Amino acid sequence: MAKSDTSGGDSSRPWQSYHTVFTNAKAGMEGVDKEKVQRIVYEMSKGSKFFENEERKEADMRQKIDNMRDRCAKLTAANIAHYQKVADKRILELESTRDLSRLWLHVDMDAFYAAVETLSNPLLRGKPMAVGSMSMISTANYEARRYGVRAAMPGFIARKLCPELIFVPTDFKKYTHYSDLTRKVFYRYDPNFIASSLDEAYLDITKICKERGITSGEVAEELRASVNQETGLTCSAGVAPNRLLAKVCSDINKPNGQFVLPNNRLAVITFVSSLPIRKVGGIGKVTEHVLKDVFRITTCDEMLQKSCYLCALFSQSSADFFLSVGLGLGRTDTPQVQLRKSISNERTFSATENEAFLYQKLVELADMLSADMEKESLYGRTLTLKLKTASFEVRTRALTLHNYTCSSEDILKHASKLLKAELPVSLRLIGLRMSQFSEDKDGAPSDPTQKTLSNFVLSGDSCGKNMGDGLSCDLHVTENLSTINTETTMNFHETCYDIRDPSDGNQISDHSHNTYTSNNDSHEMEIISGPLSSASKRKVIGASTVMHTPNSCQAEASRLPVDDSLSLSRQYQGSSLDKVKKRAPLSDDPASSSNQKEPLAWVDDYKCSLCGVELPPSFLEERQEHSDFHFAERLQEEESCNNHTYPALKQRFIQKEHIASKNRGTQIRIRIRSFPCTNSPGTPKGRLTTNYSSSSSSQHENSDNNIGVTMPTMYDILDSSKAQKLELRLQTLGPFFRITAKSLETQNELGRAEGLIRVWLGGKILHLDSIRLRRETLGMEKSIFGIGLFIGAVAIRYGYDCGCRTAELLAINDSDLYHSKLVRFYTRIGFKSVYEVTGSNFGDFAHMLVWGGVGTRMEANVQELLVKWCTRFSSQK
DNA sequence: GCGGATCAC
DNA sequence: TATGGTGATCCGC
């Protein structure tokens, strides 16, 4: 029959024959230079083990197509006549099942993960962004799709397609939360809705349309508006007489659109007649190729025209499926609760044949699987081991036991047996799956779907309770996050900037030193010989910084505290800030100091009482950041002389200014005392004076200030910190620096940052080696990020004053959980991921020496960081 | 019951 | 440098 037309005949364009799932069209990919994308994908993949495996699979597919074509060619006229009768009969039977009585609506959230991430960090808005990692992307936003970037594409290829692509690590907790919010809306329209994934659902809206006397299109509009209102996210909807078509329809006007297919046969037949088969759920890359290359079927109606061949060459169930697609049929019933049929887990690692390693992986997987099964009270008897070899070949080995089990010992015992039989082998993935569950151990409650459903319903009417639970749970994570540290050992005894007078400074210096060494991380100082020795093993979370690419000025902002709130303020400009300004004089005692924050409340446990920004209760981290924003905003209100909005505040400011101007004469001069390179901090070696006064702006300020904002001077920062009863110190030793924050009340060290100024080809680089914040020393009312705000400000200002253009740090990857949090944290600050140091490659060795670990190298432009920073410390709107 | 494949998100 | 994890289903043994 049809000759294969995708065999890549043009040898000058080899990429044309390399098809991957992500070279296929998807919503938002219109107008993409497909040829270019394909070429880049090809070039990036060429020669890899993955590529070779893809070629093998491609060859297998060709073989399959050739076989089918042969069988097709062998059909006699009699055969064809026979199968045509079979097909016609079957078509009639299927047609008789057509049910046009139901109205099905399919909802599909638009670029769900990416949209959620943008919601929690509006700085991402309008920029090409992908959720995922260098190895795999889960979702790309529409800006990124314009470059050909899409889900299921490895990150490093995506970066090639779009060098400015921003990567955001996945955060399923967040997506689940938003998914639950959407489901609460769905529930109102169809309590029996079918959730097919976190971001998709099918609703039977027949009843609600009838009850309310409105059209399906109106329901769809209303539902989409509700979802948008309650989540801030957009979705697309499709309405059709069955689920299969509803899903196709929801894709038509994506994003943020809908399409209604009328419930009459003619409309359905017409719709289907020109519908490309690949749009239909269940028809993937292989089926598409087979149908196209063997039978020249590209649209659904052609399934009917070629029905005799389909019946002749496919199984009855496949043929039935194809014919129903051709007729535009699909499921219209609401199925009973779907029981889970298997549970599994699998992990990818860098390929190895180290048997101890492989066995260890198996142990971990067995434990995880057992725990997951216990959680759902599942007992299974078929265990399947999945392996992926270094060459990407996938194998499964299964075993059916006599007894049902969920014990990790049982699982491990049998899994090891299966694995042992395969050794030696070089693997890059191991997985375990359990199936064949015992029928209902404990009756209905053990039904996982049921459980989920009842939980969901419960959560619908006991919002507060659930949120409370989430809170206590989240708090733990946040606590952990607050210890952002590295255990870099650097000796800073020698040079000291101090904003206080000399005697005071000495005192502080000693004290500070004691405080530092009292950290149980034990930094007892050692003389360092160079940057490499600063690397040591990180414990909890680390951040370190280096700069290599001076011209990489992609980052937008940097304050060490989080940028969410700032960006939120931008987005809601005119609403949020105005509200704050209107409210503040009412609720704030004019005489109170900025320490006494007006308590920020969450209206309905959802909306910020100060600005109306919506943040779900489980977003503890983001909420903390948000309150930091108001905290910083208040600071700026109080400290700014440009603030005409609050007479009372202004008056207070004038008083402060008066004191501050006195300080300028005495304490503002920052002494830089140089000490000999010994452990005797009290012995001055040389003397240097830097004037960090707020009245004498640094050179950069006027010349570089092209955005119309005033750069905060070092003085601004230091003075603000004093108002917060913080003492900030900047110490330097040669290129190295350290910033410490101490409580003026308790004299405890609250946080510190360390790093160095590196001279690189294109200019100086601010290398942030570590940032450590200590929550335990803080009262809960004082935000950890508030401290980080100041420390970060000093670091950035210092780097800026030293002429640094770029800042770089490494978000240490000690554990996936913390690493992703860390990357998100720094991304919000304004850093961008530039490189993944995984340690699996020889080239990473040098990086690991410098940074002392694996993780994500991130960069930011210092000036942009400072400009962003300003909006917190200056009085700009 | 097993193993390979396909598909979807 | 580098191509995921989970679950379902189908087909051919």
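Only a predicted model underlies this, so the values are computations on that prediction, with no experimental measurement involved. Lettering of chains follows the sequences in order, A, B, ..., and the numbering in each one begins at 1.
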Under 4.0 Å protein heavy-atom contact, by nucleotide of nucleotides 2-9 of chain B - B base, S sugar-phosphate only: SSS-SSSS

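Distance CG (A/L385) to P (C/dT6): 15 Å, rounded to an integer number of Å. Nucleotide C/dC11 holds its C1' atom 14 Å from the CG atom of A/N67, rounded to whole Å. As a whole-Å value, the separation of A/I430 CD1 from C/dG4 P is 15 Å. Rounded to whole angstrom, the span from the CZ atom of A/F172 across to the P atom of C/dG4 amounts to 14 Å. Residue A/E43 contributes atom CD, which lies 17 Å from atom C1' of C/dA2 at whole-angstrom precision. The interatomic distance linking A/K46 (NZ) with C/dA2 (C1') rounds to 17 Å, in whole Å. Counting to the nearest Å, the P atom of C/dC11 and the CZ atom of A/R71 are 12 Å from each other. The separation between A/E346 atom CD and C/dG7 atom P is 9 Å, rounded to whole Å.
The local environment of NZ in A/K417 is crowded, with over 12 non-hydrogen atoms from other residues, nucleotides or ligands closer than 6.0 Å.
Here B/dG1 is the nucleotide among C/dC10, C/dT3, B/dG1 with the atom lying nearest to any side-chain atom of A/R381. Which of B/dG1, C/dA8, C/dC10 sits closest to the side chain of A/S318 comes down to C/dC10.
Among the protein residues, A/L429 comes within range of the sugar-phosphate backbone only, with heavy atoms under 4.0 Å from sugar or phosphate atoms but none that close to a base.
Comment: A/R62 engages A/D293 in a salt bridge, judged by a side-chain N to carboxylate O separation of less than 4.0 angstrom. Residues A/K57 and A/D60 are not paired through a salt bridge, judged by the lack of any N-O separation under 4.0 Å between the basic side chain and the carboxylate.
Within the structure, a side-chain polar atom (N or O) of A/K341 is placed less than 4.0 Å from OP1 or OP2 of C/dT9. Under 4.0 angstrom from either OP1 or OP2 of C/dG7 there lies no side-chain N or O belonging to A/S342. Contact check, A/S135 against C/dT3: no side-chain N or O comes under 4.0 Å of OP1 or OP2. Proximity of A/S317 to the phosphate of C/dC11: a side-chain N or O atom is located under 4.0 Å from OP1 or OP2.
A centroid separation of less than 6.0 Å is found between the aromatic rings of A/F172 and A/Y113. Checked against the 6.0 Å centroid threshold, A/F314 and A/F322 count as a close aromatic pair.
Residues satisfying the ring pair (Phe, Tyr, Trp, His ring centres under 6.0 Å) criterion with A/F357, sequence neighbours excluded, are A/F349.
Each of A/M134 and A/R347 has a nearest nucleotide on DNA chain C; the 5'-most of these lies closest to A/M134. Nearest-nucleotide positions on DNA chain C for A/D372 and A/Q316 put A/D372 closer to the 5' end.
For the residue pair A/S250 and A/D108, no side-chain donor N or O sits within less than 3.5 Å of a side-chain acceptor on the partner.
Distance check on atom P: B/dA8 versus C/dT3 gives 24 Å, rounded to whole Å.
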side-chain hydrogen bond (donor to acceptor under 3.5 Å, both in side chains) between A/S197 and A/D199, intermediate numbers included: CA-CA 5 Å; A/S197 67; A/D199 71 323; 2.8 Å; yes

